[in-house]
Novice: 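Dropping a structure here in structure tokens format, bear with me for questions.
Counting convention: from 1, in listed order, for ligands and their atoms alike.
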Amino acid sequence: MNKIIITIDGWSSCGKSTLAKQLAKKLGYIYIDSGAMYRAITLYFLRNHIDWTNDISVSDALSNIQLAFIFNHESNQYEIHLNHENVEWLIRDLVVAEKVSEIAAVGLIRKFAVAQQQLMGKEKGIVMDGRDIGTTVFPDAALKIFMTADILIRVERRYKEMHDKNPNITLEEVKNNLSHRDYIDSNREVSPLKMAKDAILIDNSHLNMEEQLTIALQLVENLV
Ligand code: DC
């Protein structure tokens, strides 16, 4: 089968990246975490105190940002580098999570990220997850998946993930952050999170990792 583009969009913390990584591995495709790009840009803006409400400051900052996904043989995955620094762990911090949706809503920033994402898909053979991948980045992708899960289940999953890094974090903080991000991501003016008309919905509230992978692989097989 010729290589295709697979897009996975959906709400925060509903397992998009887990499924995307597994699918990419099974198919021998490249996995790209588009959220990591917005998080790395956010880290740059916070570190350098850039005013993201000012177009000139934003353009200027973007011209100094270089993003690259580089394979790490220890973790066995592609990790994001911001101006040659591996920031894969730093960008998962709550400080970044608290601001990323606001920064990802800025038109100039989306234009910058989308252009790079489209280049990465030129050769196909890619699984990319995010919020607007099936609607804006690859509207002609062969397979589009939209993922959802019950909010309480998503909060628990993200809490477990973040608690390992930051034992002081509370369930309430995680829930507030997820609800806040979902609200901004789905209500922003530029490419808001929404299900593409031709996307297939997977609700994984009660699915384990193998079950969701089996469903997705079946969707790929159905394309042949
Ligand atoms: O997938 P994630 O939680 O790491 O994404 C972080 C934020 O980036 C998310 O709250 C919204 C934004 N994002 C986006 O606007 N568009 C994408 N394609 C991916 C992420």
Novice: Less than 4.0 angstrom from a charged side-chain N to a carboxylate O is my criterion; do Asp9 and Arg131 meet it?
Specialist: no
Novice: Is a salt bridge present between Lys16 and Asp33, judged by a nitrogen-to-oxygen distance below 4.0 Å?
Specialist: no
Novice: Would you sort out whether Arg158 and Glu161 count as a salt bridge (Lys or Arg N to Asp or Glu O under 4.0 Å), showing the intermediate values?
Specialist: CA-CA 5 Å; Arg158 182 51 65 106; Glu161 213 176 274; 3.3 Å; yes
Novice: At a heavy-atom distance under 4.0 Å, which protein residues reach ligand 1? Sort them by chain and number, would you?
Specialist: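 Heavy-atom contacts below 4.0 Å: Ser34, Gly35, Tyr38, Arg39, Val100, Ser101, Ala104, Arg110, Gly130, Arg131, Asp132, Ile133, Arg181, Asp185, Arg188.
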Novice: Going by an N to O cut-off under 4.0 Å, is there a salt bridge joining Arg110 and Asp132?
Specialist: yes
Novice: Whether the Asn83 and Gln66 side chains hold a donor-acceptor pair (N or O, under 3.5 Å, no angle test) is what I'd like checked.
Specialist: no
Novice: Please list, one pair per line, the donor and acceptor atoms closer than 3.5 Å that link side chains of residues 215-224 to other protein atoms, with sequence neighbours excluded.
Specialist:
from, atom 1, to, atom 2, distance (Å)
Gln218, NE2, Asn222, OD1, 3.1
Asn222, ND2, Gln218, O, 3.4

